[in-house]
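Whatever order the structure lists them in is the order used to number ligands and atoms, beginning at 1. All values below come from the heavy atoms of this structure, side chains included, with hydrogens, waters and symmetry mates left out.
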Amino acid sequence: MKNILITGAAGGLGIALVNEYLSRGFRIFAADIVPEEEALSRLPDEKDRLFYLPTDVTDTGAVDALARFVSARTDSLDIIISAAGIIRPESEDLLEDFDIDGSIRLFDVNALGPLRIAKAMIGLLRAGKDKVLVNISSEAGSMTSHADYIMRYDYCMSKAALNIQSVILQRYLKPEGIRVLLINPGWMHTPMGGPDAPVDPADSARGIAELAEELRGNLDRYMYWNYNKTERPW
Ligand SMILES: NC(=O)c1ccc[n+]([C@@H]2O[C@H](COP(=O)([O-])OP(=O)(O)OC[C@H]3O[C@@H](n4cnc5c(N)ncnc54)[C@H](OP(=O)(O)O)[C@@H]3O)[C@@H](O)[C@H]2O)c1
């Protein structure tokens, strides 16, 4: 049975990813900052194939504990998807009133969280067959096509940092056949995206899973994609 780790697994996209990978026959290790009881009430009742550990991706000790939790149950991960993320209300304050200190946690979650996960889990991914690491990015991480997000310094900066981090990681891991992907999941109707968003997170999750399947081992292809399998400009 293949194994996948999903962070942000109790959120809108995360739940959709859990459902998608259950339907694909995977064993799932799910992590999110949401407490266990609440998370399990949102996730499908699949005790044999779904294991949940509350994990704050800004806490290095907690991420290391997650690695031990996974290692106690399997010796390999085929796919890792870092989907945990936060956003703050859009600011109209172009500079003078912008809350810089309030941005630090967002940066820690969105940019450093996926690096903590990659660092702690790399041994398990090396032992897997698929060898795919997906970092959930956003159009907000693009230098050339982020107009709707122009007021969000912190969110855009965190996703751009995630993008360059993933490029560096891909360069490092390419000789081992590990594929790193950045995927913009689209504007989804989730707690983050809000009810007016056009994209169903289930469609996004399916696109992400298909991209991970089609691009695994394909180390020379482009790495920044939209969930609908179009390339996202840097
Ligand atoms: N929704 C969109 O339209 C959209 C568009 C582009 C990109 N994205 C990206 O897609 C990913 C998933 O977004 P979503 O829409 O599913 O958001 P969501 O519904 O808010 O889910 C995100 C999940 O991450 C959790 N989380 C927050 N901080 C965490 C931490 N420190 N450690 C572990 N988990 C943490 C959240 O918990 P809490 O609810 O307790 O905070 C939540 O369960 C994010 O990376 C987001 O930036 C979303």
Side-chain angles (χ1 to χ4, degrees), residues 5-20 29-43 52-67 69 80-90 102-118 120-121 133-142 145-149 152 154-163 165-166 181-205 207-208 211 224-228 232:
L5 171 68
I6 300 168
T7 75
L13 176 61
I15 294 168
L17 285 167
V18 167
N19 284 317
E20 177 66 29
F29 297 94
D32 198 296
I33 200 167
V34 172
E36 183 166 19
E37 194 178 347
E38 170 61 26
L40 293 180
S41 75
R42 299 181 195 175
L43 290 166
Y52 181 81
L53 189 72
T55 309
D56 180 347
V57 298
T58 69
D59 179 342
T60 302
V63 172
D64 289 344
L66 177 64
F69 177 82
I80 296 171
I81 302 183
S82 274
I86 55 174
I87 201 165
R88 296 194 306 151
E90 188 163 8
S103 304
I104 292 171
R105 180 165 174 85
L106 185 148
F107 213 80
D108 203 357
V109 176
N110 292 5
L112 296 177
L115 194 55
R116 280 191 193 88
I117 291 291
M121 306 297 163
L133 174 64
V134 178
N135 284 330
I136 299 299
S137 185
S138 167
E139 67 173 291
S142 171
S145 60
H146 59 268
D148 290 343
Y149 295 86
R152 297 191 198 271
D154 49 6
Y155 188 75
C156 292
M157 287 168 66
S158 73
K159 292 296 186 181
L162 178 65
N163 287 2
Q165 172 198 133
S166 303
L181 294 173
L182 284 159
I183 304 182
N184 162 38
W187 182 23
M188 303 170 288
H189 46 80
T190 63
M192 181 186 290
D196 297 333
V199 177
D200 185 333
D203 292 335
S204 186
I208 291 165
L211 279 166
Y224 188 20
W225 294 83
N226 297 306
Y227 78 96
N228 62 2
R232 180 98 223 148

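- Near Pro191, meaning under 4.0 Å from one of its heavy atoms, ligand 1 places the atoms 19 (O).
- Residue Thr58 has no N or O atom closer than 3.5 Å to an N or O atom of ligand 1.
- Contact analysis leaves Glu139 out of contact with ligand 1, as no non-hydrogen atom separation drops below 4.0 angstrom.
- By the side-chain hydrogen bond (donor to acceptor under 3.5 Å, both in side chains) test, Ser166 pairs with Asn135, sequence neighbours left out.
- With a 4.0 Å heavy-atom cut-off, ligand 1 is reached by no atom of Ala197.
- Residue-to-ligand polar distances place Ile33 within reach of ligand 1: an N/O pair is separated by less than 3.5 Å.
- In terms of polar-atom proximity, defined here as any N/O pair under 3.5 Å, Met188 does make such a contact with ligand 1.
- Heavy atoms of Lys159 come nearer than 4.0 angstrom to ligand 1 in at least one pair.
- Evaluation of the ring-ring contact (aromatic ring centres under 6.0 Å, His included) rule for Tyr224 yields Trp234 as partners, not counting sequence neighbours.
- Polar contact check, Arg42 against ligand 1: no nitrogen or oxygen pair lies under 3.5 Å apart.
- Checked by distance only, ligand 1 and Gly12 come closer than 3.5 Å through their nitrogen or oxygen atoms.
- Ligand 1 has at least one atom lying under 4.0 Å from a heavy atom of Gly186.
- Between the side chains of Ser142 and Arg232, no donor-acceptor pair of N or O atoms lies under 3.5 Å.
- Residue Arg105 approaches ligand 1 through these ligand atoms, each under 4.0 Å from one of its heavy atoms: 31 (N).
- At a 3.5 angstrom cut-off on N or O pairs, Leu13 counts as close to ligand 1.
- Taking any N or O of Tyr155, backbone or side chain, at least one lies under 3.5 Å from an N or O belonging to ligand 1.
- Contact check on Arg116 versus Asp56 returns no salt bridge, with no Lys/Arg side-chain nitrogen under 4.0 Å from an Asp/Glu carboxylate oxygen.
- Around atom 32 (N) of ligand 1, the closest heavy atom drawn from Val57, Val34, Asn184 belongs to Val57.
- Between the side chain of Asn110 and the backbone N or O of Ser158, no donor-acceptor pair lies under 3.5 Å.
- For ligand 1, the polar-atom distance check finds no N/O of Trp187 at less than 3.5 Å from any of the ligand's N/O atoms.
- Using a 4.0 Å cutoff on heavy atoms, Asp56 counts as a contact of ligand 1.
- Between the CG atom of Leu112 and the CG atom of Leu162 there is a distance of 10.0 Å, given to the nearest 0.5 Å.
- Of the listed residues (Ala62, Ala83, Ser204), the one carrying the non-hydrogen atom nearest atom 11 (C) of ligand 1 is Ala83.
- The environment of Met157 atom CE is sparse: at most 12 non-hydrogen atoms of other residues, nucleotides or ligands sit within 6.0 angstrom.
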